[in-house]
Amino acid sequence: MDNRRYDAYGNEFEISKSDFQLTQVDKKIHDKKFETKATTFGKDALKRFCKNKSSVVAAFIIGLLMLLSFILPVVTPYNIDPSNPNIKELKMLPKVFEYKPTGIKDTDLANNPNNWKTKWNGTQIITNVQYDVDKELPFIMGTATNPDGSTKESKVYYSKDAVKEIDYYGYYTNSAAKNSAGGVYILKTSSLTDTKDKNAKNFVELSVNQTLNFTDSENFTVDLVLASENYSLQEDFKEIGAKFKGNYRVYIRYVEYPDDPKFVKPNSKHIHSFDKTGKCDCKAQKHELVLRDWAKTYEQLTVNVSELMKENNISEIQDGQVVIELKTHQTGITYLPIVSLMLSTDSEEIINLPGHGEYAKKDILKLMSMTNDATSKEYDDAAQKLRYAKLNTGVFPIQYWRTNGDKSVYRAYVYLCDFLLDTYENTYGVKETLDVTVAKMEEYKNNGWCNYQYFQDAEGNWQYTFEILDPEKCPVKEVKNVTFAMVEVSKNGVTEKVLSQQLTCDVLMYRYLGYDSMPKYLLGTDDRGFDIIVYSFNGLKKSFLISIIVSAICLSFGLVWGSISGYFGGNVDLFMERFCEILSGVPSTVVITLVVLLMGDTIFTFGLALCMTGWLGIAGRTRTQFYRFKGREYILASRTLGSSDMRLIFKHILPNSLGTIVTSSVLSIPSVIFSEASLSYLGILKGSNSFGSVLSHNQQYIATRPMLIVFPAIIISLIMISFNLFGNGLRDALNPSLKGSE
Amino acid sequence: MWKYVLKRIGLALVTAFIILSLTFILMKLVPIDKPPGTDDARFSYWQSLVYDGFVESEDHQRLNEVELDSVNRELGKVYFYKVPAMTQYVRWIKNIVTKWEWGRSTAIKPNVNSMLIIGERLPNTIKLNVVSVIFSVPIGIALGIWAALKKNKLTDHIISTSVMIFISIPGFVLITFLLLLLCYNNQILPSQWPAESAATSDKIKGYIIPVFCLSFGSICGYCRFTRAELCEVMSSEYLLLARTKGLTKRQAILRHALRNAMVPIVPSILAEVIGLLGGSMILERLYGILGIGELFISALNKKDYNVLMVDMALFTTISLLAGVVLDISYGFIDPRIRMGAKK
């Protein structure tokens, strides 16, 4: 190795290793850390975003709502898709607190609405509902299904647990009398114009539907009270132009059956049919025992039938009916106002008559005795006492009436009540139901909640036993009745006789529906039983999903379109711009309407409709960004170095313009939610089941149950505000040049 | 300038023509449902379509075609057949050009020219919008000026924040809350648009909620816009120059700042006035106002496509017109801007 070196003047000198000194002692060279932190675009943006406090809060709220909307519908025990036919009254009211009785008995609750104000405890004021004085419960008329499948109209009572405070009152009404109304019963002949028919009878009659067997020993007494001349009601009758000029009579109609063994007693209770259905030549003889012959005076009539029978030497009357007959008057309509018709006896058999006290038909009215001058309240008490007293002593008003003429009720006494209804007890409390099947019972039995057995006794009749084993869990409170029947079932061509059972049970509904405890909805439910909180958030989830998807589609398409249009410019740009111009000229409502008309109103078509015009904004923005950046020097430099178009677009221009584009894309999310909500609200979109449809559906309850609409409205406002704040923050963060400006 | 205006209007007309043609053809592709009802009702329904040539009627059944509907009449059965969409389109154009007939209503007011129905509905919408513009423009601009003058002070913060909040709240939420507060809970105002026969005081009361709802959004919009523009002008150099020349702050703001800030605001007001003619569907629907927005919804629900078409045409024209006015008015208001001028 040649170690010779020459200096500038040509003199030779030697350098050895010892001539040098290492500046660093260590053998390794360590990099020094930068004084400043290196930062990326994202980190910088985040830092700037975090400085904007309101945007951070808004982002937090959006995140929270989004989280809730995805989690809440999943974790809630309250199904938002109940199609349970058992629950008829589903409008549960907000319940934050438990109901506590005030302890103050207010006698006039209806006129003191402040006392009725519900206090977020799930109770509701219900006014003007019919009231049953005997059971002390309000009721509505509904149809009940008999075990044999037929339906009858009957009273449906509110459950005792559900009715919290009650205030009842009675009043007189002349309008179509409601059930349980007592009053003056008017027997009325038809007007003359109606009786042109030659076959029409020249009288109308009112007969007691129930036939009785009278004997001369058991003190049968008929007690008829008419609204007499000096009866105060007469004043009221003048209002309707009625005049008391009826010519009437009262008698007991009965039949004497022949001794012939061939004679078959017809099933019908009505005497009219007796002589038609006998299968022998002999006829049943019709007889009348007159209690009062034709008269025009409206005096009270009290006749001891048994004594009258003794006088007339009749020992027994079979299938007797009390009949009041009213003659048609020549000059006009005749009225007979009947206050009451009572039948008293000391016969044990009649007192214990089954079905007594039930009203099988709607137009059958209970007639009660009435004093002239009693106020409604006094009347109410007096009538009740009287009725109970007479019931206990074997005297009862006859409740079944039939007539061949007109009848109506005048000054009917109706009981109505206002009460506080616990909507939760009403729906989820104890209810009588036919829905518990044997299979369900077996299931409960297997769970060890109850024991249900059915067996045939010595006489071959089916019997059942029921016992609750776990009162904490068993849904069935009591089995009231079981109807056993043998039903023919054909399976694979083989007909078998199978035992079928129909159970009538008292069921604790919330357990029957699978809840462990009584449900509690903080803000109540709508008419379909959806918890309004959960349902709103479920709708919000759908709205979020659709808006994110729409935004993503619009972003990708708009980006491509805008990039091509902006980058290439010239004729391509001109053509693409004209296309956009025309498309943007169509109002969005028109586009959505057309798509909905052509493709049906589902959430999918809605998304499609929004995508059709939604990309225009993104495309326009991308185009301007491309115009802005494509002339820059660094692009020129890159192009000079031979970059392809793809590289220029994706590596240089797009990253620079992405901030603005992403911001506008994020800001389009709330506008999608908003337009979806608006269109659902207007009813253009129906099948979406999203946030707007929640609002739209609950619009009808704005006056009665505002919470159903206030809560979703607050949520959507919150979302809009948050998104706007968040969008502002994002725009400032992603675009340094806009920093600080609004 | 005039050349530019004419060009813009011409372009807008061409665009409108294309959009309306597309809309018409697309709408005619929607399958027609058989209307429910008696023979007479159905006959009058089809007859109104026959009148415009959108459906053809025959007294005998065609061989290879399924009829839309057949109606029993005194003189025998009448069959109705669909006409191809393009033929309908040609007839539609011909009707408009020769008779100014845009098609007859089938459901809303059967057999009445759709244009007449629009004419009946339009006054309600216009009245309401004029009143709301009268309220919203001065209030919005005044608030905006106030906020800009007190920039970054408490007043500005309060105004800006409430504007931000109220601009975000959807219109239907606002209407709902107003209805709830003023109509259902306190019963101060009517919950429905008063009928024609109502007393004058009731009619005036009926205006309050709709005008409030309509102007609320506009007030917020104007306020925000004015504030932004005025802030920008206030920080410009010529205003500083004006102050240095000795003008008081008041003079500088009134003579220089405001005038310049108004340049972009006035066109946007003009455009919005025209845009408002479209009516607010939600407001009209919820408050029961018989305007053209409500007409749109009921036509859609009742499937009265001819009325729907005219309503859509109106919306399209209005939005295009608003765009044109916005562009042109820039040139008229600010002499510095020469729209469409070459470099």
Side-chain angles (χ1 to χ4, degrees), chain A residues 54 58 578-579 581-601 670-671 673-675 677-684 686 692 695-696 698-699 702-704 706-707 709-710 712-725 727-728 740-742, chain B residues 11-12 14-16 18-20 22-23 26-27 29-31 160-161 164-174 176-177 179-181 183-185 191 224 227-228 231-232 278 281-282 284-286 293-294 296-297 299-301 303 305 308-309 311-320 323:
Chain A
S54 57
R578 290 295 86 76
F579 184 82
E581 216 163 66
I582 289 174
L583 208 56
S584 62
V586 192
S588 59
T589 331
V590 174
V591 179
I592 291 164
T593 311
L594 277 177
V595 173
V596 164
L597 278 180
L598 285 167
M599 299 174 70
D601 54 355
S671 71
I673 295 179
F674 173 72
S675 48
S678 307
L679 288 170
S680 294
Y681 202 56
L682 285 172
I684 294 177
K686 290 186 191 83
L695 281 163
S696 158
N698 293 337
Q699 173 66 23
I702 179 169
T704 51
M707 189 42 72
I709 198 148
V710 167
I714 288 176
I715 291 287
I716 198 167
S717 306
L718 202 61
I719 292 231
M720 289 297 148
I721 296 169
S722 305
F723 258 111
N724 268 347
L725 281 173
N728 282 351
S741 68
E742 201 197 5
Chain B
L11 257 177
V14 171
T15 318
I18 296 171
I19 293 169
L20 291 187
L22 277 174
T23 315
L26 280 174
M27 197 133 79
L29 292 177
V30 177
S160 301
T161 313
M164 219 289 307
I165 288 172
F166 284 112
I167 220 167
S168 311
I169 292 179
F172 56 87
V173 172
L174 195 69
T176 308
F177 277 106
L179 283 177
L180 211 57
L181 269 180
C183 305
Y184 293 110
N185 282 3
S191 63
R224 204 151 105 154
R227 183 190 171 275
C231 283
E232 204 184 309
M281 280 184 203
I282 291 175
E284 291 187 3
R285 183 75 175 169
L286 283 181
E294 204 274 341
F296 186 86
I297 308 278
L300 187 65
N301 286 342
K303 302 201 167 173
Y305 293 136
L308 197 62
M309 183 63 223
D311 221 356
M312 282 187 185
L314 190 71
F315 288 148
T316 312
T317 324
I318 286 172
S319 70
L320 287 172

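These values consider heavy atoms only, across backbone and side chains, with no hydrogens, waters or symmetry-generated copies. Throughout, a chain's letter reflects where its sequence line sits, starting with A, and its residues are numbered from 1.
Contact count versus chain B (heavy atoms, under 4.5 Å) is highest, among A:A713, A:P706, A:A677, A:S722, for A:A713. Comparing B:I282, B:V14, B:L29, B:L320 by how many heavy-atom pairs each has under 4.5 Å with chain A, the most go to B:I282.
Looking at every heavy atom in both residues, A:M707 comes nearest to A:P712 through O-CD, 4.2 Å.
Within the 4.5 angstrom heavy-atom criterion, only side-chain atoms of B:I297, from C-beta onward, approach chain A. Contacts of A:V710 with chain B are made by both backbone and side-chain atoms, with heavy-atom separations under 4.5 Å. The contact between B:L26 and chain A is made by backbone and side chain atoms together, counting heavy-atom distances below 4.5 Å. Of the atoms belonging to B:D311, not a single heavy atom falls under 4.5 Å from chain A. The parts of B:T176 that come within reach of chain A are both its backbone and its side chain, each placing non-hydrogen atoms under 4.5 angstrom from that chain. Heavy atoms closer than 4.5 Å to chain B are found in both the backbone and the side chain of A:L597. No part of B:L174 comes within reach of chain A, as not one of its non-hydrogen atoms sits under 4.5 angstrom from that chain. Interface remark: A:L695 contributes side-chain atoms only to the contact with chain B (heavy atom separation under 4.5 Å). B:L20 does not touch chain A: none of its heavy atoms, backbone or side chain, sits under 4.5 Å away.
Note: B:T15 OG1 to A:L583 CG = 11.5 Å, rounded to the nearest 0.5 Å. With rounding to the nearest 0.5 angstrom, the CZ atom of B:R285 is 5.5 Å from the CG atom of B:N301.
With sequence neighbours left out, the ring-ring contact (aromatic ring centres under 6.0 Å, His included) criterion links B:Y305 to no other residue. Applying the salt bridge (charged side-chain N to carboxylate O under 4.0 Å, His left out) test to B:E232 and every residue at least two apart in sequence or in another chain returns nothing.
Applying side-chain contact (heavy atoms from CB on, under 4.5 Å) to B:C183 and the options B:L181, B:L179, B:L180 leaves one that passes, B:L179.
Classified by interplanar angle (parallel below 30°, tilted 30° to 60°, perpendicular above 60°), the ring pair A:F674/B:F172 is parallel.
Using a 4.5 Å heavy-atom cutoff, the side chains of B:I169 and A:M720 are not in contact.
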